[in-house]
Amino acid sequence: MRIVIAGGHGKIAQRLERLLAARGDSVAGIIRNPDHAEDLRANGADPVVCDLERADVEEVTAHLRGADAAVFAAGAGPGSGAARKWTVDHAAAVLFADAAERAGVRRYLIVSSMGADSEPPPGTDLVFAEYLRAKAAADDDVRSRPGLDWTVLRPGRLTDDPGTGHVTLAERTGPGSVPRDDVAAVLAALLDEPRTAGRTLELIGGPVPIAEAVKAAAAH
């Protein structure tokens, strides 16, 4: 497959690039900073310099033409204010979905966040609350599109621990953490399982091998 990843220099995206390239897929990663291009090449991915906060839909569509799948793994990241949660985590996801539809790329995975399915509880950090609201709005937009075979993945608390290759993947998992290695591996498996289209799935660490977890999720 040819897969285009938005947020190509992110921690999950770089892990995904390495997995996909190693199995023979063609991978492109959209990055804002050209200084990150060599990191992507080292991962086996083609760097595509495009600022999703400033690009128009025609530019992004051109980068998606010929792809078999699109993965939105971009985020404003820690240290950014509430405003950029909306310009990146929401608006860039919507732009990427618009471009995917125009380019005829049906398969669309979006990395969301556990907790994006409800209003943040009182006492939540104000910026994190806006992050969850922006993620929820992006998910809702993507899920409203009949032109996309979308899957929304909502991981729990992300860690940099080594992946275990075992997870819990379901519509509701309850709270928990998950290594970024395993998030990337689940995304790679979801790309191979079209029956997970139309599903919103939570992900935490667990006892089930990833291939089995994705197969079970697809069967429900």
Asks: Between Ile210 and Ala185, which heavy-atom pair has the shortest distance, and what is it?
Replies: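 It is CD1-CB, 3.5 Å.
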Asks: Can you find a pair of side-chain heavy atoms, one from Glu53 and one from Arg32, that are under 4.5 Å apart?
Replies: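 Answer yes - side chains close enough.
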Asks: Would a single hydrophobic cluster contain both Val4 and Val142, if residues Ile, Leu, Val, Met, Phe, Trp and Tyr are joined by side-chain heavy-atom contacts under 4.5 Å?
Replies: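 Yes, Val142 and Val4 fall within the same hydrophobic cluster.
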Asks: Group every Ile, Leu, Val, Met, Phe, Trp and Tyr by side-chain heavy-atom contacts under 4.5 Å, then state whether Leu190 and Leu148 land in the same group.
Replies: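 Cluster IDs for Leu190 and Leu148 differ.
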Asks: How long is the span from the CZ atom in Arg133 to the OG1 atom in Thr124, to the nearest 0.5 Å?
Replies: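 Reported value, rounded in 0.5 Å steps: 8.0 Å.
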Asks: Once rounded to the nearest 0.5 Å, what's the spacing between atom CG of Leu169 and atom CZ of Arg154?
Replies: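 The CZ atom of Arg154 is 13.0 Å from CG of Leu169, to the nearest 0.5 Å.
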Asks: Check Val71, Leu187, Ile12 against Leu153 for a side chain to side chain contact (heavy atoms under 4.5 Å, CB included) and give me the one that passes.
Replies: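 That would be Leu187.
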Asks: Could you tell me whether Arg54 atom CZ has more than 12 heavy atoms of other residues or ligands within 6.0 Å of it?
Replies: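 Not buried by this count: 12 neighbours or fewer within 6.0 Å.
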Asks: Kindly compute the distance separating CG (Leu20) from CZ (Arg15), expressed to the nearest 0.5 Å.
Replies: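 Between atom CG of Leu20 and atom CZ of Arg15 there are 14.0 Å.
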Asks: Do Leu40 and Leu16 belong to the same hydrophobic cluster, where Ile, Leu, Val, Met, Phe, Trp and Tyr are linked whenever their side-chain heavy atoms lie under 4.5 Å apart, directly or via other members?
Replies: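 Different clusters: Leu40 never reaches Leu16 through Ile, Leu, Val, Met, Phe, Trp or Tyr contacts under 4.5 Å.
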Asks: Taking all atoms of both residues into account, what is the closest heavy-atom pair of Leu132 and Ser113, and its distance?
Replies: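 The pair with the smallest heavy-atom distance is CD2-OG, 3.7 Å.
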Asks: Roughly how far, to the nearest 0.5 Å, is CG of Asp56 from SG of Cys50?
Replies: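 Answer rounded to 0.5 Å: 8.5 Å.
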Asks: For Pro155 and Ser112, work out which heavy atoms get closest and say how close.
Replies: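 Nearest heavy atoms, Pro155 then Ser112: CD-O, 3.4 Å.
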Asks: Could you go through Arg157 and Met114, starting from their C-alpha distance and side-chain angles, then the distance that decides it, and tell me whether this counts as side chain to side chain contact (heavy atoms under 4.5 Å, CB included)?
Replies: CA-CA 8 Å; Arg157 183 177 61 84; Met114 190 175 291; over 6 Å; no
Asks: Contact between Leu201 and Val152 at the side-chain level, heavy atoms closer than 4.5 Å - yes or no?
Replies: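 Not touching, per the 4.5 Å side-chain cut-off.
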Asks: Do the non-hydrogen side-chain atoms of Ile30 and Ile5 ever get within less than 4.5 Å of each other?
Replies: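 Contact flag for Ile30/Ile5 side chains = no.
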Asks: Are any of the side-chain heavy atoms of Ile3 and Glu17 separated by less than 4.5 Å?
Replies: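 Heavy-atom side-chain distance check fails, nothing below 4.5 Å.
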Asks: Nearest 0.5 Å, please: how far is CG in Leu64 from CZ in Phe96?
Replies: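 Phe96 CZ to Leu64 CG: 4.5 Å, rounded to 0.5 Å.
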Asks: Does the side chain of Val127 reach to within under 4.5 Å of the side chain of Lys85, using non-hydrogen atoms?
Replies: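 Of all side-chain heavy-atom pairs linking Lys85 with Val127, at least one is under 4.5 Å.
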Asks: Any side-chain heavy atom of Glu171 within less than 4.5 Å of one from His220?
Replies: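 With C-beta onward as the side chain, the pair stays apart.
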Asks: Can you name the nearest heavy-atom pair linking Arg23 to Leu191, along with the distance?
Replies: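 Minimum heavy-atom separation between Arg23 and Leu191: NH2-CB, 4.2 Å.
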Asks: Between Lys135 and Asp117, is there a side-chain N and carboxylate O pair less than 4.0 Å apart?
Replies: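 Judged by the 4.0 Å cut-off on N to carboxylate O distance, Lys135 and Asp117 do not form a salt bridge.
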Asks: Does any part of the side chain of Val183, heavy atoms only, come nearer than 4.5 Å to the side chain of Leu158, both counted from C-beta?
Replies: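 The answer is yes; the side chains approach within 4.5 Å.
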Asks: Answer yes when Arg2 and Asp25 have at least one side-chain N-carboxylate O distance shorter than 4.0 Å, and no when they do not.
Replies: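 Asp25 and Arg2: not salt-bridged.
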Asks: Out of curiosity, does Leu52 fall in the hydrophobic cluster containing Tyr108 (side-chain heavy atoms, cut-off under 4.5 Å, transitive links)?
Replies: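 Yes: a chain of side-chain contacts under 4.5 Å links Tyr108 to Leu52.
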Asks: Work out which heavy atom in Thr200 is nearest to a heavy atom in Trp150; give both atom names and the distance.
Replies: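 Thr200 and Trp150 have their closest heavy atoms at OG1-CZ3, 3.7 Å.
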Asks: Honestly curious: do Val186 and Val27 fall in one hydrophobic cluster under the side-chain, below-4.5 Å linking rule?
Replies: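 Yes; tracing contacts between hydrophobic side chains, which count when under 4.5 Å, links both residues.
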Asks: Looking only at heavy atoms, what is the nearest atom pair of Ala138 and Ile110, with distance?
Replies: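 For Ala138 versus Ile110, the nearest heavy atoms are CB-CD1, 4.3 Å.
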Asks: Are the charged groups of Arg145 and Asp140 less than 4.0 angstrom apart, N to O?
Replies: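 Looking at Asp140 together with Arg145, the answer is no, because their closest N to O distance does not fall below 4.0 Å.
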Asks: Find out whether His36 and Pro47 are in side-chain contact, i.e. whether some heavy atom of one side chain is under 4.5 Å from a heavy atom of the other.
Replies: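 His36 vs Pro47: side chains apart.
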Asks: Distance alone, cut at 3.5 Å: any donor-acceptor contact between the side chains of Thr196 and Arg107?
Replies: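 Yes - a donor-acceptor pair under 3.5 Å links their side chains.
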Asks: To the nearest 0.5 angstrom, please state how far the OG1 atom of Thr151 sits from the CG atom of Leu109.
Replies: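 Spacing of OG1 (Thr151) from CG (Leu109) equals 5.5 Å.
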Asks: Indicate yes or no: does Arg84 engage Asp89 in a salt bridge with an N to O separation below 4.0 Å.
Replies: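 Not counted as a salt bridge, because no side-chain N and carboxylate O are separated by less than 4.0 Å.
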Asks: Do Thr61 side-chain atoms and Val57 backbone N/O form a donor-acceptor pair below 3.5 Å?
Replies: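 Present.
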Asks: Does a salt bridge link Lys215 with Glu193, judged by any charged N lying under 4.0 Å from a carboxylate O?
Replies: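 No salt bridge links Lys215 with Glu193.
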Asks: Without hydrogens or angle criteria, can the side chains of Arg180 and Thr159 be said to hold a donor-acceptor pair below 3.5 Å?
Replies: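 Per modelled atom types, Arg180 and Thr159 side chains form no pair under 3.5 Å.
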Asks: Is it true that Glu101 and Arg106 have a side-chain N and a carboxylate O under 4.0 angstrom from each other?
Replies: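 No, this pair does not count.
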Asks: Does the side chain of Asp39 come under 3.5 Å of the side chain of His9 through a donor N or O and an acceptor N or O?
Replies: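 Yes, side-chain donor-acceptor contact under 3.5 Å.
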